[in-house]
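See structure below.
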Amino acid sequence: MNKTINISNPKLKFSSGKSISPLEIAYETYGVLNKEKTNAILVCHALTGDQYVCGKNPITKKPGWWDILVGKNKPIDTNKYFIICSNVLGGCMGTTGPKSIDNSTKSTYGLHFPVITISDMVKVQMLLLDQLGIEKVLSVIGGSMGGMQVLSWMSEFPQRIKSAIPIASAAYHTSQNIAFHEVGRQAIMADPNWHEGKYFEHNIVPEKGLSVARMTAHITYLSEVALQNKFGRNLQDRSKKTFSFDADFQVESYLRYQGVNFVKRFDANSYLFLTRAMDYFDLISENDGMLANAFNNLHASICVISFTGDWLFPSSESKKIVHALNANGVDVSFIDIESNKGHDAFLMDEPQMFETIRGFLEAQYNK
Amino acid sequence: MNLKCLRQLGASWRRSTINKMNNRSDFIVISDMVAPNSRILDVGCDDGSLMQMLQESKTVNARGIELFPDRVNLCLAKGLSVVQGDANKDLAMYPKNSFDYVILSKTLQSMLQPKETLEGLLRVGKRAIVSIPNFGHWKVRLYLAIHGQMPVTPSLPATWFNTENIHLCTINDFLELCKNMDINIIKSVALDKNGKVLNFANRLRSVNLIGEQAIFLLEKNNHG
């Protein structure tokens, strides 16, 4: 548990032109790497995820964020595969990020941390694979921001992957998605405890701001149907309205709970930097306006997965990726899973998705 | 018509659940039309059986489109590359001439716009292989003549109100459409109810009468 590597001179220039050293990468592995090193699967976590994919998360004491999918005899079977997941660059669970100490100032980076991109995250993951001596992964898989990392792998380092599974993802962050992120960031920055990002020096954290950011974002991860089915207009532990601004409705109480719990495990500045990285993601503009150009050198087998009820990263965006892959004659499969759970469906009990992933990986492993 | 024939006909009418047509013979004919090592797209690929067979017999590079997610998953587990989609609209996802052959096996009759689908097949593929159930088969004609109702036969087992086959045609109809669309028919093969190959040459009338299905290898007519 709690594996880290420390690279004193990472020789890595970020998209912004800046670099940092030393660089620490916190990661977890599950299962056993075979002698030929052909069974490694890189899992990329989403915005608020971490390296604790399955088993018990040592921080929250709850099951890992993809425990439903990854583990012994599960679709991503740790009896068979060697799973690697690292906390992303800019994160707050051990990999270097804005709450790490900047050696030149001896205090936390805060806003002095370089603005990073999805591509930078992937380059850091590659340093980890190099350290582990893995030339080519059997597959790289992830949902949402994790899916963006998968797409970045497909585009920038196609020779390092045998297959890839981008889930509930898109080749660029839409205007609406940037808008939601901006609301979250403004909530954090409007919190007087934020102190221009230097809150650790004031021994305080911008809990309110970060909590509101989480509450807004959480709504976008669900769907109207899911919220209505789960809460309706039900009242929280009371029989009538209180004529106050207390959390009368269950849905309010639920969101507050989500917010409060989130601030216990997440860093506000990390939230700023990671949402920014997602906003900057655009494989189309980076490839002269042609998404197909992003995959010119890709020879891996790809399985794109989307969900019909996902309005944040809608199926139509996944289809654009499939379209671009087809234009390059890439070995691509696609499945649009019927679900009303919204964007977060990729984290939930979706038997169809499990079957897709299990079958696809098994076939790739046997190829 | 002899007595044996009539009895067979009666038996087939009485059958409540009727077996699907013998797929194998259809596949063998299609396989014969495909050049080795070519790139193929199987539209409506079902569980991927045809793609698998073509990979084995002709070492083709195969892709599929399939509407139903369960069937897509069956294909993925076999290592096949299949996109979940609707042949009515998703052919547009593929660039022009991206395949040597686009195969549409017994699906044209369920398309909303069969003519547009044919155009789509020959845009995406250099050649197309299309198979159709023949509505000109004598059993179909006889059924309609005797019962005055939409025919229900072993190869077309659904009733008119719940059938997926909304655009049925005869072999003659199909040939006429190809002519109108200036499509070059490179090869035509008809199969009888036992999957036996019927000779097309100079016997179109009888083929249209006893062929239960027909398979065509098509190409855009560049001189047209």
Side-chain angles (χ1 to χ4, degrees), chain A residues 75 77 138-139 141 162-165 290-293 295-296 298-308 315-339 345 350-367, chain B residues 37-52 54-56 59-103 120-121 123-126:
Chain A
D77 190 349
L138 169 63
S139 201
I141 179 170
K162 188 176 174 187
S163 70
I165 312 178
M290 281 277 287
L291 182 56
N293 291 345
F295 308 118
N296 280 341
L298 182 62
H299 298 289
S301 296
I302 312 299
C303 180
V304 179
I305 301 177
S306 62
F307 297 92
T308 56
S315 306
S316 54
E317 294 300 333
S318 282
K319 280 186 189 165
K320 285 181 193 165
I321 297 165
V322 176
H323 199 140
L325 291 169
N326 274 329
N328 276 309
V330 174
D331 219 340
V332 58
S333 295
F334 167 63
I335 191 155
D336 187 26
I337 294 166
E338 188 90 25
S339 160
E350 288 285 355
Q352 192 97 61
M353 174 180 76
F354 298 163
E355 272 323 292
T356 304
I357 292 173
R358 187 194 293 275
F360 178 78
L361 282 179
E362 221 160 80
Q364 298 309 315
Y365 181 66
N366 294 329
K367 251 185 198 172
Chain B
N37 307 316
S38 48
R39 280 178 60 83
I40 66 136
L41 174 68
D42 187 1
V43 181
C45 63
D46 200 60
D47 66 354
S49 307
L50 177 61
M51 293 167 73
Q52 244 185 342
L54 291 174
Q55 277 184 342
E56 281 158 24
T59 58
V60 297
N61 182 342
R63 304 293 160 80
I65 298 182
E66 172 54 49
L67 188 58
F68 299 102
D70 291 341
R71 297 180 196 170
V72 175
N73 280 344
L74 286 174
C75 292
L76 297 192
K78 292 174 183 170
L80 299 166
S81 297
V82 172
V83 166
Q84 187 195 351
D86 182 347
N88 278 312
K89 49 186 187 213
D90 289 329
L91 276 175
M93 283 210 290
Y94 298 88
K96 201 176 169 207
N97 290 337
S98 33
F99 296 94
D100 296 310
Y101 304 90
V102 179
I103 301 169
L121 298 179
R123 184 189 69 81
V124 171
K126 292 171 191 157

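Side chains included, hydrogens not; waters and symmetry mates left out as well; all remaining heavy atoms used. Just so we're clear, the structure is a prediction, and the values are computed from it rather than from any experiment.
If you take OG on A:Ser306 and CD on B:Gln84, they are separated by 8.0 Å, rounding to the nearest 0.5 Å. The NZ atom of A:Lys319 sits 5.5 Å away from the CG atom of B:Asp90 when rounded to the nearest 0.5 Å.
For residues 61-69 of chain B, a heavy-atom distance under 4.5 Å to chain A picks out B:Arg63, B:Pro69, given by residue number. Proximity to chain A among residues 71-78 of chain B is limited to B:Val72, B:Asn73, B:Leu76, B:Ala77, B:Lys78, judged by heavy-atom separations below 4.5 angstrom. Inspection of non-hydrogen atoms places A:Asn326, A:Ala327, A:Gly329, A:Val330, A:Asp331, A:Val332, A:Ser333, A:Phe334, A:Ile335 of residues 325-335 of chain A under 4.5 Å from chain B.
Using a 4.5 Å cut-off between heavy atoms, A:Gln352 contacts chain B through both its backbone and its side chain. In this structure, chain B has heavy atoms under 4.5 Å from both the backbone and the side chain of A:Thr356. For chain B, the nearby parts of A:Glu355 are the backbone and the side chain; heavy atoms of each come within less than 4.5 Å.
Partners of A:Lys320 under the salt bridge (Lys or Arg N to Asp or Glu O under 4.0 Å) rule, at least two apart in sequence or in another chain, are A:Glu317.
Residue B:Lys96 qualifies as open at atom NZ: its count of foreign heavy atoms under 6.0 Å is 12 or below.
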